[in-house]
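All values reported here derive from a predicted model rather than from experimental measurement. Scope of the values below: all heavy atoms of this structure, side chains included, with no hydrogens, waters or symmetry mates.
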Amino acid sequence: MSDKKNYIIAVCGGSASRKTTFVHLLSKELGMKNVTCLSQDDYYRDLSHLTMEERDQVNFDEPRSIDSELLIKQFLQLSKGQSIERPCYDFSTHCRTEETCEVKPEKILIFEGTFSLAFKELRSLYDLVLYLDVPSDIRFIRKLQRDLGSRGRKLTHVVDQYLNMVRVMHNKFVEPCKEHADFVIPWTHQSDKI
C-alpha cells in the first residue's frame, strides 16, 4: 500500500497468552515515543442493549464479536498517518464506555489481539507478524487468574466459557493463523526481556 506511513507489527496469540505484556515490553525496547499500540480488545461490539445475563452468553472468542468495520477503518487511518478516537471497552460490563481515547500515529504501529491475523483486509499491511505460542493449560490458568481477579467473573462461568467457547474458537480461528506468522515465539514464562 503506497500511502502507508508506518512500520506495522501484528502480535497474535490465544486468549491469555499475554500479548499485552509482550507488546508493552516490545514497545519499551523500540522506544515508547516511536510506537503506537492498538489493541483488538477495544473493538468488541457494544452490548449495552442486552441484559447482563444475555451478555454473559455471548461468544467473545469468535471474530464476529469484534466491530471489524470500525477496527479496519481506524486501522487504515492510523496506517495513513491520521489520528483516531478509538473506543474504550469495559470487560466487567461487556460494554463500551462513553469515553474515547485519542491515538496518534507513530513510526511503528503494533496491533495486538487474538484475531489480529483473522482480518484479511489488514494482513496485507503487516510488515512483521509474531505469534505467541503458549500451551493451552498455561493459557487457561492465566485466564482463570485474570478473569477471577480483575474482571469479576465466577469460577463456573470462566470454566464453562473456556470449555465451550475459548478452546473451540481457538482451535478454529486462532491456531490456524500461525501459518501467517513470520516468527512463532514460545511465551510460557513471563519475562522482563524480549
Practice item. May I ask you to test the L125-L76 pair for a side-chain heavy-atom distance under 4.5 Å? Key: yes
Review point. Which salt bridge (charged side-chain N to carboxylate O under 4.0 Å, His left out) pairs, counting each pair once, include a residue from residues 120-129, with sequence neighbours left out?
Key: K4-D127
Study note, to complete from the structure: Residues passing the side chain to side chain donor-acceptor pair (under 3.5 Å) test with S136, sequence neighbours excluded, are none
Exercise for review: Work out which heavy atom in V184 is nearest to a heavy atom in P186; give both atom names and the distance.
Suggested key: O-CD, 3.7 Å
Exercise for review: Find the distance between CZ (F183) and CG (L130) and round it off to the nearest 0.5 Å.
Suggested key: 7.5 Å
Check your understanding: Got a sec, which residues hit side chain to side chain donor-acceptor pair (under 3.5 Å) with D182, two or more places apart in sequence or on another chain?
Key -> none
Exercise for review: Report the distance from atom CD1 of I108 to atom CG of L26, rounding to the nearest 0.5 Å.
Suggested key: 8.0 Å
Revision key, fill the gap. Contacts of T20 meeting side chain to side chain donor-acceptor pair (under 3.5 Å) (sequence neighbours excluded), chain-then-number -> E112
Check your understanding: Is there a side-chain contact between P135 and T188, using heavy atoms and a 4.5 Å cut-off?
Key -> yes
Revision key, fill the gap. Salt bridge (charged side-chain N to carboxylate O under 4.0 Å, His left out) pairs touching residues 30-44, sequence neighbours excluded, are D42-R86
In a table with atom names and distances, give each donor-acceptor pair under 3.5 Å that connects a side chain of residues 164-178 to protein atoms at least two apart or in another chain.
| unit_1 | atom_1 | unit_2 | atom_2 | d |
| --- | --- | --- | --- | --- |
| N164 | ND2 | D160 | O | 3.1 |
| H170 | NE2 | R139 | NH2 | 3.4 |
| H170 | NE2 | E175 | OE1 | 3.1 |
| N171 | ND2 | R167 | O | 3.4 |
| E175 | OE2 | K178 | NZ | 2.9 |
| K178 | NZ | D133 | OD1 | 3.3 |
| K178 | NZ | D133 | OD2 | 3.4 |

**Study point:** Spacing of OG belonging to S83 relative to CG belonging to L78, to within rounding of 0.5 Å
**Key:** 7.5 Å
Exercise for review: Mind checking the NZ-CD1 spacing from K19 to I110? Nearest 0.5 Å is all I need.
Suggested key: 14.5 Å
Practice item. Could you please spell out the steps behind the side-chain contact (heavy atoms from CB on, under 4.5 Å) verdict for R142 and V134? Key: CA-CA 11 Å; R142 289 176 179 173; V134 179; 3.8 Å; yes
Study note, to complete from the structure: Looking only at heavy atoms, the pair that brings P63 and F115 closest together is N-CZ, 3.6 Å
Check your understanding: Are any non-hydrogen side-chain atoms of H24 and C37 less than 4.5 angstrom apart?
Key -> no
Review point. Does Y126 reach the side chain of H180, with side-chain heavy atoms less than 4.5 Å apart?
Key: no
**Study point:** Counterpart residues, ring pair (Phe, Tyr, Trp, His ring centres under 6.0 Å), relative to Y7 (two or more places apart)
**Key:** none
Point to revise | Co-membership, hydrophobic cluster, residues L148 and V159, 4.5 Å side-chain | key: yes
Practice item. Look at the side-chain heavy atoms of Ile, Leu, Val, Met, Phe, Trp and Tyr, link any pair under 4.5 Å apart, and say whether I66 and L50 land in one connected group. Key: yes
**Study point:** side chain to side chain donor-acceptor pair (under 3.5 Å) partners for Q77, two or more places apart
**Key:** none
Exercise for review: Would you give the length of the straight line joining atom OG1 of T36 to atom CG of N6, rounded to the nearest 0.5 angstrom?
Suggested key: 7.0 Å
Check your understanding: How far apart are the closest heavy atoms of K143 and A16, and which atoms are they?
Key -> N-CB, 3.5 Å
Point to revise | hydrophobic_cluster_shared for V35 and L128, side chain cutoff 4.5 Å | key: yes
Exercise for review: Take V23 and I9 through the test side-chain contact (heavy atoms from CB on, under 4.5 Å) and record every step on the way to the result.
Suggested key: CA-CA 10 Å; V23 167; I9 302 171; over 6 Å; no
**Study point:** Qualifying ring-ring contact (aromatic ring centres under 6.0 Å, His included) pairs, either residue in residues 70-103, two or more places apart
**Key:** Y44-Y89, Y44-F91, F60-H94, F75-F111, Y89-F91
**Study point:** E98 atom CD, over 12 foreign heavy atoms within 6.0 Å
**Key:** no
Study note, to complete from the structure: For I185 and F22 the tightest heavy-atom approach is CD1-CZ, 3.8 Å
Study note, to complete from the structure: CZ (R55) and OG1 (T93) are apart, to the nearest 0.5 Å, by 6.0 Å
Point to revise | Inter- and intrachain pairs under side-chain hydrogen bond (donor to acceptor under 3.5 Å, both in side chains), touching residues 99-110, at least two apart | key: E85-T100
Point to revise | Pairwise ring-ring contact (aromatic ring centres under 6.0 Å, His included) hits with a residue in residues 127-149, at least two apart | key: F140-Y162
**Study point:** Of all pairs that satisfy side-chain hydrogen bond (donor to acceptor under 3.5 Å, both in side chains), the ones with a partner from residues 57-68, not counting sequence neighbours
**Key:** E62-R64, D67-R96
Practice item. Kindly determine whether T114 and Q40 satisfy side-chain contact (heavy atoms from CB on, under 4.5 Å), including the steps that lead there. Key: CA-CA 7 Å; T114 307; Q40 161 217 289; 4.0 Å; yes
